Structure formats: C-alpha cells, structure tokens
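Quick caveat: nothing in here was measured; it's all calculated off a predicted structure. Just so it is clear: chains get the letters A, B, ... in the order the sequence lines come, proteins before strands, and each one is counted from 1.
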Amino acid sequence: MDTSYPIEIRHDILRGVRVAITGGTSGLGLALVRECSARGAIVAFVARTRERVERVVREIAGSHGIVGDVAKKEDIHPIALQILARLGGVDVLVNNASSLGPTPLVLLADTECEAFEDALATNVLGPFRLTKALLGALAASARDGRGACVVNVSSDAAINPYPTWGAYGTSKAALHHMTRIWNEELIDEGVSFISVDPGDMDTPLHALAVPDADASALKRPETSAREVVDRIEQALTDSGRTAVDASAMNLQNLADVA
Amino acid sequence: MIAASVPIQRAHHAKLLVIDKNAWIIHAPRSSFADFLRRFDIVVANDAATLPASLAGFHAPTGEALEVRLAGSRSLDGDDVSHFVAIVFGPGDFRTRTENRLLPPRLRRGDRLALGPLCAIVERTLDHPRLVALRFEGSSASIWEGISQHGRPIQYAHVHTPLALWDVWTPIAGAPFAFEPPSAGFMLDWKTVASIREHGADFATITHAAGISSTGDDALDRRLPFDERYRISAATAHALCRAKNNGGRIVAVGTTVVRALEHSALINGTVRAGAGIATQRIGAATPLRVVDAIVSGTHEPGTSHYELLRAFVDDATLRRAADELDARDYRTHEFGDSIFIERRLRCAARAKPAERLLAA
Ligand SMILES: NC(=O)c1ccc[n+]([C@@H]2O[C@H](COP(=O)([O-])OP(=O)(O)OC[C@H]3O[C@@H](n4cnc5c(N)ncnc54)[C@H](OP(=O)(O)O)[C@@H]3O)[C@@H](O)[C@H]2O)c1
C-alpha cells in the first residue's frame, strides 16, 4: 500500500467523488460504503434485499440505496439510471456483489450448469453490463478532470485452482482478465480499471463457503475496505483528478446563465 | 425515405450523406464519419441518458386508462424530481400513431394519476387538453425507482416492438435527463470516439434534456421544441475554446447540441460553462455563432429538426439532399441513417451583435 501521501491530503481526494458500489449491505461492500462515506464521497449502493438496503441508508446519512439484482439483465439499466440520477453522474464504480455458485461448494464435475451460469451472471456478466451502462458517465468524469475508475473485486480463487471453487474461481478469473482488457482499451478515455483481491475476510460469504473456518484468523472487511479505498484514491490521483469538485465550478456559473 | 423500424443503434450498413461547405453532396458509409474531420475539429455530443418517460396508468377520478409522457422538468438536479410538464394521451399505446391517439379524460387540477408504483397529482392544466404540470408524490428515491422500473422509453408507431431502456441508451449516456433519446448520438461507439482522436480532432460532451419530438397534435407540435435544460462542463467549454482558437470546426452531434451551444453563446458569443435553459428556436434566419457543422438523423420537412438544418444550408441544397436521400433509400427516424452538414460559407459571415440576438 502506498503511504507517501500525508493523511489530510489523502482524505481529501474522495471528497465529493461519486461512488457506486454493488453489494453494499454486507461484508466488504458495507465496509466500503462506510469507508467511502467517511472520506467524503457521495455513495450509491446496490443490493437485492430491500430491508437491508433501507437499514444501511438509515445508518449512513447521505447514502443512496438502490434495490436491484446485478445478475438480471433487466435490472441493469434501472440500476444505472438510478445511480446516475441520484449521484448526478459517477466517478467510481465498484463491482463487489458476488455469487459463490453452488453452496455448499461442490466439485466442478458435480456443478449443475444452472449454478455455473448463476456464478457467471453475477460475477462476470453483471459487472460487464453495469460497466458498459455507466461507461459514458465515467468517461465524462475523466474528461471533466474528476478522474474515473472501476474496481472489480476478484479473489485469489481467480488465480489458484482450488478444488470445489470451480464456478466461483472460473468466474473470478474471467472478471480479473476482463478488468485488464478494459484497462488497456480505455486508457485513452482516462478510465482506469483495477482488479483487487481483498483477502480472506470474515463475512457471510466466507462463512457460507467455509463454515468451519476460524473467524479470528480472517481479515476484517473494514481492513480490506481501507486498502481498496486507498487504491481508488491512488487511481484517481494517477488519472489526473484535478478538480476537487468539478461540479462546484459549474454551479458557479449557473446563476448568470440560467 | 424508408422508416427505420428496427431498434438497432449502429446498423453495419448505415449511411452518411455529407453536404460540405460548398454545398457538394457526398455519400459515405457512416462508419467513415471521422474521415470527414480535420485536425483541431471538436465533435460535441449530448450525453444525456434517456428517461423511460412513458408511464402507463389510469386517471383515478374516472378510472380511465391513459399514458403520460414526461416532457420537461424543473431542474437537472437528481433530488428535484417531483415536478414535470407532461403530455397525456387517452387509452392505447405507441402502436397507435400519435396523430390518432385519443384525448385523455378531462384533467382537472388536483386529479390523481395512478402510474404503476407512482402517484402523480395534476398541479396545473396548461392551455391544451393534453398538456399538464404534474407533481409526483413520495421521496426522490422512490420516484426515481418508480420511473426506472415502470417507465418505458417514449416510442412511435414506426418501431413495432416495444423499446427497452438499452435500445435507447447511447454508449456515451450519462445523467438521465433526456425525454427522448438524443438519437444522433446512436452512431457514436467507442471505436468512433477513438477514431475522432486519431484524426487529431477532439471529443467532448454536454448534457441536454432533449424533449419530445412530436405529439401528433398540430397545435402542440407547432410549439416544439419546448424549453430544454442543459449543462456544459468547464472542461467542454474550455475544449471548444481551444478548438476555435486553433481554427478547428465545432461539429455538433444532433440538434440538441446545436441548441445548447448556440443558446449558451447568446450572451457574449462564446460558450460558457454552466447550466441554462435553451428557449430559442433555430431556423433559416438564425445566424449560427458557434457550431460549424452538424451530424444528425434525416428529418422530414416541417419538423423542428428540419427547421434547424435550414440554419446551416440553403433550402435549395436541402431539397437536393432530400431528393438524394429518397433516391438512394436512406432510412429516416431515430434508428435511421445520418447526414453531416457543414455550414455554408456565406452563413459563416458574422452578423452584427444586435441582429444576431433579434434573429435568435
Ligand atoms: N469474504 C472473503 O473471504 C472474500 C475473499 C475473496 C474475495 N471476496 C470477494 O469480496 C466481495 C464481497 O464479498 P463479501 O464476502 O463481502 O460478501 P457478502 O458478505 O456475502 O456480501 C455480498 C453483498 O452483495 C449483495 N449481493 C449478492 N448478490 C447480489 C446480486 N446479484 N445483485 C446485487 N447485490 C448482490 C448482498 O446483498 P443481497 O444478498 O441482499 O443482494 C450483499 O450486500 C465479493 O466479490 C467476493 O467474491 C471475498
């Protein structure tokens, strides 16, 4: 982790930045919503269960909760529309929502095709579709000097062939590779793409995958969230985020033009 | 011309009719659009995403079915989403041509309209039986959720299958403020954007709340386009200025961009960063102060879009172009082919400031 920035400056980088996070009601996603909000970002988050979305909105003042399923094609544009409407655009997208595929975990040879499809829909197609729907707004942020980046949450299962993690690992490998291709292709648009492995964290997803794990030996999602948000700040700085709050500049002129 | 009836934004065979500044007509595949650009030109597109602005429901006092088409909003602020101007049709949907759509039941102030998960109150009736000011009940979060889940893109009878949001979502779409798609932008994919840069030209966007293009009602259509809100970022204003200083041309993708840029420049002749409301009509008599060329869909004479093209080029040339479009089977409407018109040289002559304002 880069620690060359003084704390005050680092924590300014996210002020006014518009961040969208999928899977924001539990584990890493929830910790990311909290961390980004604490650093001054304007945050919209997505999850499927309405009650939990509402609970997080009540907990984190100013956060925008959106109910939707990233695995469903029909939900993507309504999600994108609400993100863009509520934030007025978007500078950072974090594709964090994820499916393990079949649980309890099974051998690849015992994996039902439908369960495999399910993992791909949530972990690959969902992030692809949502990124595509938000790309116009992200590229506009980059052109406006706000910086723009997309974080895809991967896993070491994307690299290592762990038995019984077939559907999940395959989908995360695809997500990881897709991230690298996006990054190559969109460099000239000023949108950077990062794939992050948050490490083994004590979350409901981990408990579902490895029920007998020693929770005390696992990372706390808050720790991973801080690391991820540091990487986002770094990416925004590298992509030449010049305007601390570009929208404020626009608003200044509003009175004389309107 | 043939109506493009299939919702494909970038058909492989899409065509481009080019009218250059000497009024020569050239035919090209639309994918070669960037070849008509020069170093220092800037292509400006409208990045407004399209609201699913057609809301089906019923009139609570009578129980009669109706369709509300949102047509104007009070602001571009996502938290201020309760107030809209809307056009209301009676029972039926896009399959009936707008000209033949029934009137809604008589709407009165205070009437409730039940629109799926949304509830709207008629705040004011405006001076036409179809035109009202509406207020949605509920929080901005619930209104956005209701619109995004219940609404459908506004659609006309020439496209036969119901449009989904992704059919009208341009690759460059950002904040959702357009009531109908800024369809000239359908031609822009990321490869085209890259190729614009490869030609040494620049690419920028503005956000303009493109309004309804047709209501099917003569009295209302004569008033189109309605006032439209827009926002120009500091970076875009700066890029436009740079292009002008370097002798580049400003190429607007779509009539909405022309309207916004020309409106912004009304005050002192240059485009300024900020928000505004485009209220002016652009026609044959309007001197263009900023925009040098337009890429647009093909439009039928009599529409406000066609009127705007008359600011770029004389009527005789437009008629010649119309004949060519017909003769060569160009496809019209939002999913159709495109034209690229560079402003006539003589139009480029600057009028005196007072005349410019009067003409606008
Ligand atoms: N935990 C680990 O040890 C570990 C290790 C490596 C990588 N990761 C990665 O880290 C990320 C976060 O994992 P986590 O452990 O924090 O998971 P988690 O605690 O299970 O939280 C998942 C979140 O995503 C939401 N979600 C799930 N499916 C969704 C869908 N289809 N559409 C929208 N939202 C959806 C869930 O809410 P709803 O159920 O209400 O939708 C919840 O808010 C994942 O990408 C995971 O693969 C985790």
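- With a 4.5 Å cut-off on non-hydrogen atoms, A/Val67 touches chain B through its backbone and its side chain both.
- Closest heavy-atom contact between A/Ala139 and B/Trp190: CB-CH2, 3.6 Å.
- Looking only at side-chain heavy atoms (C-beta outward), B/Trp166 and A/Arg129 stay at 4.5 Å or farther from each other.
- No more than 12 heavy atoms of other residues, nucleotides or ligands lie within 6.0 Å of CZ in A/Arg180, so this atom counts as exposed by the packing criterion.
- For the residue pair B/Gly174 and A/Ala137, the shortest heavy atom distance occurs at CA-CB, 3.9 Å.
- The candidate with the highest count of non-hydrogen atom pairs below 4.5 Å against chain A, out of B/Ile147, B/Ile172, B/Asp47, B/Leu51, is B/Ile172.
- Comparing A/Ser141, A/Ala140, A/Ala133, A/Gly65 by heavy-atom pairs within less than 4.5 Å of chain B, the highest count is held by A/Ala133.
- Looking at B/Trp144, both its backbone and its side chain come within 4.5 Å of chain A, counting heavy atoms on both sides.
- One distance of note links NE2 of A/His77 with OG of B/Ser148; it measures 12.0 Å at 0.5 Å rounding.
- The parts of B/Phe203 that come within reach of chain A are both its backbone and its side chain, each placing non-hydrogen atoms under 4.5 angstrom from that chain.
- At a 4.5 Å heavy-atom cutoff, the contact between B/Ala204 and chain A is made by backbone atoms alone.
- Considering only heavy-atom pairs separated by less than 4.5 Å from chain A, the leading option among B/Asp77, B/Thr50, B/Thr205, B/Asp79 is B/Thr205.
- Of the listed residues (A/Leu81, A/Ile66, A/Val57, A/Asp75), the greatest number of heavy-atom pairs within a distance under 4.5 Å of chain B belongs to A/Leu81.
- B/Glu145 and A/Arg50 get closest at one heavy-atom pair: OE2-NH2, 3.1 Å.
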*B/Arg197 vs A/Glu189, salt bridge (Lys or Arg N to Asp or Glu O under 4.0 Å): CA-CA, chis, key distance, verdict*: CA-CA 10 Å; B/Arg197 294 215 184 87; A/Glu189 298 302 328; 2.8 Å; yes
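- Of the two parts of B/Arg229, neither the backbone nor the side chain holds a non-hydrogen atom closer than 4.5 Å to a non-hydrogen atom of chain A.
- Contacts of B/Ala173 with chain A are made by backbone atoms alone, with heavy-atom separations under 4.5 Å and no side-chain atom involved.
- Residue-environment remark: NE2 (A/His177) stays at or below the threshold of 12 foreign heavy atoms within 6.0 Å.
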